[in-house]
Amino acid sequence: MEDYKYKLGMVGLGVMGRNLVLNFADHGFPIAGFDKDKTKVDALNAEGSGKKVKGVNAVEEFIFLLSKPRVVMMLVPAGSPVDSVINDVLPYLEPGDLIIDGGNSHFTDTNKRFLELKEKKINFLGVGISGGEQGARFGPSMMPGGPKDAYEIVRPMFEAASAKAGGKNCVTYLGPGSAGHYVKMVHNGIEYGLMQLISEVYDILRRGLNLSNSELHKIFNEWNKTELLSFLIEITSDVFAQRDDNGEGMLIDKILDKAKQKGTGKWTSQDAMDIQVPLNTIDAAVAMRDMSAFKSERESASLILDEKNIKFSGNKEEFILKLRSALYFSMITTYAQGMAMLLAASKEYEYNLSLKDIAQIWSGGCIIRAALLEDISNAFENKPDLVNLLIDPKISSEIKKRAADVRLIIKTAIDMGIPAAGMSASLAYYDSYRSAWLPANLVQAQRDFFGAHTYERVDEKGVYHTHWNLK
Ligand code: 6PG
């Protein structure tokens, strides 16, 4: 038995859990690991040999290894696995100990667990963690929420293990209760939006302009040296260069066009509807993943609804430049939607979020990291109560000069019969947000007409109902 106790115990030694244990250990923190699956425990002990790491597969032994107050962190799938880990460890914990859920739990579950554990005087933190396997191993972006004093217990470990961007840690305390899991949910909503936009660009270049995978690889590689510099653009470039290990040709052409989802993007759209925040691009991204799942229906419909689409006939190089500009425009509006949702949620759920801090911790380690986040962080630093990113002076001038490009790209995609659902939704978000007047007066008139739902007037205060000219 080692003569030191372990600072943190990790439950769930899948790739993410194991990598995070090794990451903490690399920074000098002794970490214990627990998994019911002995092969995972053995894998941790093998990879962690020479480090202050110890994997076990008995709960009691695991808890005994931990220094007090004990910190038990879990990286297990959202839903019932989180509750069963809590139930398994709870009998061995005492008041003042801390449980951390590092998975993608729904924020309402986190609120519930927080209250239940509070009754037992057990601290609980909900921490969103982004960056995939590599992030967990070498520096993720971490989004902690819960009691601030509980966060202080793990702050040195989290700061050491987190990604760094611009000399700063990509982790900071975000707010009470479920603030961390909420911010991670919105991160994933933005992730869905950006992935949809990039895949539309791919569609336009592949089906519309007939470009090869190697041309696509070069374009995305070049774009990653521009204002589009981001993790998702970088990996997209790499995807087009990946050969198929199982056969001839490139892997991308062998992957079935049905996008799966674990639900975090859908949750973002669902809660945005509950708190009444428009998320045009993210909603479209969720709908397009759903549409992709109807593969066999789409195959049949492609024969019935066959149309002769217009072929691209313009200057490819000029068009590709405009496409880059349109993608940037759409990416900005996607972040704007996510940030506006966080602002609303911060009031609704009393999270007291700092949007500047959130943009900063998203600048490294996470899936949506991008050069653009520096401008976003600056925008909220200059004006912490900025109601929408689109009206920040720098951002507004960036998008205004690109609006004509996005219009042209969408028109061309429409002519070619290519669905640019995310990009069209981004433009609609922009066009509606900059519309001093929207046709919602007609919606109100119709509601009042058929249901006496009343309306407000532009010229007088109050609530009105009209006896419409019923025939
Ligand atoms: C991250 C990712 C991560 C996971 C997504 C995948 O930030 O590291 O978002 O959490 O890859 O949850 O989500 P879908 O399966 O829904 O695409």
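In this chain, residues are counted from 1 in sequence order. Order of appearance sets the numbers: ligands from 1, and atoms from 1 within every ligand.
For the residue pair Glu297/Ser300, the side-chain donor-acceptor check at 3.5 Å is not satisfied.
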Note every protein N or O atom lying under 3.5 Å from an N or O atom of ligand 1, pairing the names and giving the distance.
{"residue": "ligand 1", "atom": "7 (O)", "partner": "Ser130", "partner atom": "OG", "Å": "2.5"}
{"residue": "ligand 1", "atom": "7 (O)", "partner": "Lys184", "partner atom": "NZ", "Å": "3.2"}
{"residue": "ligand 1", "atom": "8 (O)", "partner": "Ser130", "partner atom": "OG", "Å": "3.4"}
{"residue": "ligand 1", "atom": "8 (O)", "partner": "Gly131", "partner atom": "N", "Å": "3.0"}
{"residue": "ligand 1", "atom": "8 (O)", "partner": "Gly132", "partner atom": "N", "Å": "3.4"}
{"residue": "ligand 1", "atom": "9 (O)", "partner": "Asn188", "partner atom": "OD1", "Å": "3.1"}
{"residue": "ligand 1", "atom": "9 (O)", "partner": "Asn188", "partner atom": "ND2", "Å": "3.2"}
{"residue": "ligand 1", "atom": "9 (O)", "partner": "Glu191", "partner atom": "OE1", "Å": "2.6"}
{"residue": "ligand 1", "atom": "9 (O)", "partner": "Glu191", "partner atom": "OE2", "Å": "3.2"}
{"residue": "ligand 1", "atom": "10 (O)", "partner": "Asn104", "partner atom": "ND2", "Å": "2.8"}
{"residue": "ligand 1", "atom": "10 (O)", "partner": "Lys184", "partner atom": "NZ", "Å": "2.8"}
{"residue": "ligand 1", "atom": "12 (O)", "partner": "Asn104", "partner atom": "ND2", "Å": "3.2"}
{"residue": "ligand 1", "atom": "12 (O)", "partner": "Asn188", "partner atom": "ND2", "Å": "3.3"}
{"residue": "ligand 1", "atom": "15 (O)", "partner": "Lys262", "partner atom": "N", "Å": "3.3"}
{"residue": "ligand 1", "atom": "15 (O)", "partner": "Lys262", "partner atom": "NZ", "Å": "3.3"}
{"residue": "ligand 1", "atom": "16 (O)", "partner": "Tyr192", "partner atom": "OH", "Å": "2.4"}
{"residue": "ligand 1", "atom": "16 (O)", "partner": "Lys262", "partner atom": "N", "Å": "2.7"}
{"residue": "ligand 1", "atom": "17 (O)", "partner": "Arg289", "partner atom": "NH1", "Å": "2.8"}

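Classification of Arg324 and Asp405 as a salt-bridged pair fails, no side-chain N sitting under 4.0 Å from a carboxylate O. The existence of a salt bridge linking Glu116 and Arg113 is excluded, since no basic side-chain nitrogen approaches an acidic carboxylate oxygen closer than 4.0 Å. Comment: Asp357 does not engage Lys168 in a salt bridge, judged by the lack of any side-chain N to carboxylate O separation of less than 4.0 angstrom.
Geometrically, Arg289 engages Tyr192 in a cation-pi contact, judged by NZ or CZ lying under 6.0 Å from the ring centre and within 45° of the ring axis.
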Next item on the list: Walk me through it: do Ser178 and Thr110 pass the test side chain to side chain donor-acceptor pair (under 3.5 Å)?
Entry: CA-CA 6 Å; Ser178 54; Thr110 301; over 6 Å; no
